[in-house]
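For reference, the structure discussed in these notes is given below.
All values reported here derive from a predicted model rather than from experimental measurement. Chain identifiers are assigned alphabetically (A, B, ...) following the order of the sequence lines, protein sequences preceding nucleic acid strands; residue numbering begins at 1 within each chain.
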Protein chains: 2
Amino acid sequence: MRVDDVKLPETLTFRLGTLGAAVADRFADRIAAHDLKPRHAGMLTALSMGEAASQQELAGRLGVAPSLMVALADHLAKLGAIERVRDPRDRRRQVLTLTGHGRELLVACADAARSLDEEITAELSADQRTALHAALGVLAGEAGLPR
Amino acid sequence: MRVDDVKLPETLTFRLGTLGAAVADRFADRIAAHDLKPRHAGMLTALSMGEAASQQELAGRLGVAPSLMVALADHLAKLGAIERVRDPRDRRRQVLTLTGHGRELLVACADAARSLDEEITAELSADQRTALHAALGVLAGEAGLPR
DNA sequence: TATTGTTATACTCTATAACTATA
DNA sequence: TATAGTTATAGAGTATAACAATA
């Protein structure tokens, strides 16, 4: 068995894992000024697509435990990014809706991501960027939205 | 401001982050049978490239704290994947070398990654796979090895 | 009795700081 | 005094389980 045969660092699995972690860290740095973490950005995104949702529905979509959803919603509510109102027809449910400020924050996150995209892909040709975008789009479609 | 203008989920930043986390989780599941985690696979990889290294050198390469390196090395030594020998010329240094079993484990990790690659890219055309591999290769070159 | 949200608790990962031994 | 490694401690992030309110 030759070590040269291994080439773990050349697998997509290894590269997606390492690059993903590095990019997520840089993204986190950039949205930290808004007192947000990547999880919050994912939650704002989920709320911006589709109608208002209860915390449990949202927890299911994002694949997180209900207890974590409480903490995330608490934080976003404290920032004024979401509103929490009891569903009058089922007072157990907390219905979450994005506020104007929440939409502003989401735009700020998207801007941060786009500028990071520019930096990341600076060394790629235009064709390579297009191909990368298309390929990741397919892969993202297989998995869910979350994180 | 229209929500439709945002499109955070379509950025490379967002997709690399979410896909990377999902792939890393699946990779972790597959090497768990060998009592390894992604960090250990990264460490075995680093040891397989280049000559034997002290723990501090390795910690620097992988970008982890020295205290974490101790824990990782402890675990790999317990599995018989590495050998730790005191450098006779500087008895403070622990020189780490990969054992035969360590190389076997690295091959197992690479096999797991390759089979995961197949599953992940099942819906991509051959051209898309090639392009994705090339693009990620460039991006991986910019960042370091670690994680 | 079942479900939504909440709180309490515990576990994993990792870093920082204090310490030991060697230099 | 400085450095390699180790140990002790602490923080972030997240899950599980127990609980309260409502159905």
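- Under 4.0 angstrom from either OP1 or OP2 of C:dT12 there lies no side-chain N or O belonging to B:K37.
- Ranking D:dT6, C:dA15, C:dG5 by closeness to the B:L68 side chain, first place goes to C:dA15.
- With rounding to whole Å, B:M69 atom CE is found 19 Å from D:dT3 atom P.
- Regarding B:Q55, its CD atom lies at a distance of 14 Å from the C1' atom of D:dT3, rounded to whole Å.
- Other members of the cluster containing A:V70 do not exist, because no ILVMFWY side chain is joined to it at under 4.5 Å.
- Residues satisfying the side chain to side chain contact (heavy atoms under 4.5 Å, CB included) criterion with B:S125, sequence neighbours excluded, are B:D127, B:Q128.
- Classification of A:R114 and A:D111 as a salt-bridged pair holds, one side-chain N sitting under 4.0 Å from a carboxylate O.
- Among residues at least two apart or in separate chains, side chain to side chain donor-acceptor pair (under 3.5 Å) pairs with a member in residues 75-84 of chain A are A:Q55-A:R84, A:D74-A:R84.
- Between B:R93 and the phosphate of C:dA23, there is no side-chain N or O to OP1/OP2 separation shorter than 4.0 Å.
- Taking atom CE on A:M43 and atom C1' on D:dT14, their separation rounds to 15 Å, with Å as the unit.
- Put simply, CD on A:E57 is 13 Å from C1' on C:dT3, counting in whole angstrom units.
- The stretch residues 72-85 of chain B comes close to DNA chain D through B:R84, each having a heavy atom under 4.0 Å from the strand.
- Within 6.0 Å of atom CZ in A:R86, more than 12 heavy atoms from other residues, nucleotides or ligands are found, so the atom counts as buried in its surroundings.
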message: So if I define the base as every atom that isn't primed, P, OP1 or OP2, how would nucleotides 17-23 of chain D read as a B/S/- string at a heavy-atom cutoff under 4.0 Å?
response: ----BBS

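- At a cut-off of 3.5 Å, with distance as the only test, a side-chain donor of A:D117 or B:T13 sits close to an acceptor on the other residue.
- Residue whose closest nucleotide on DNA chain D sits further toward the 5' end, between B:Q94 and A:A65: B:Q94.
- By the 4.5 Å side-chain criterion applied to Ile, Leu, Val, Met, Phe, Trp and Tyr, B:V95 is assigned to a cluster that also includes B:V85.
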- request: Test A:S54 against A:R92 for side-chain hydrogen bond (donor to acceptor under 3.5 Å, both in side chains), laying out the working first.
  value: CA-CA 10 Å; A:S54 75; A:R92 292 171 306 179; over 6 Å; no

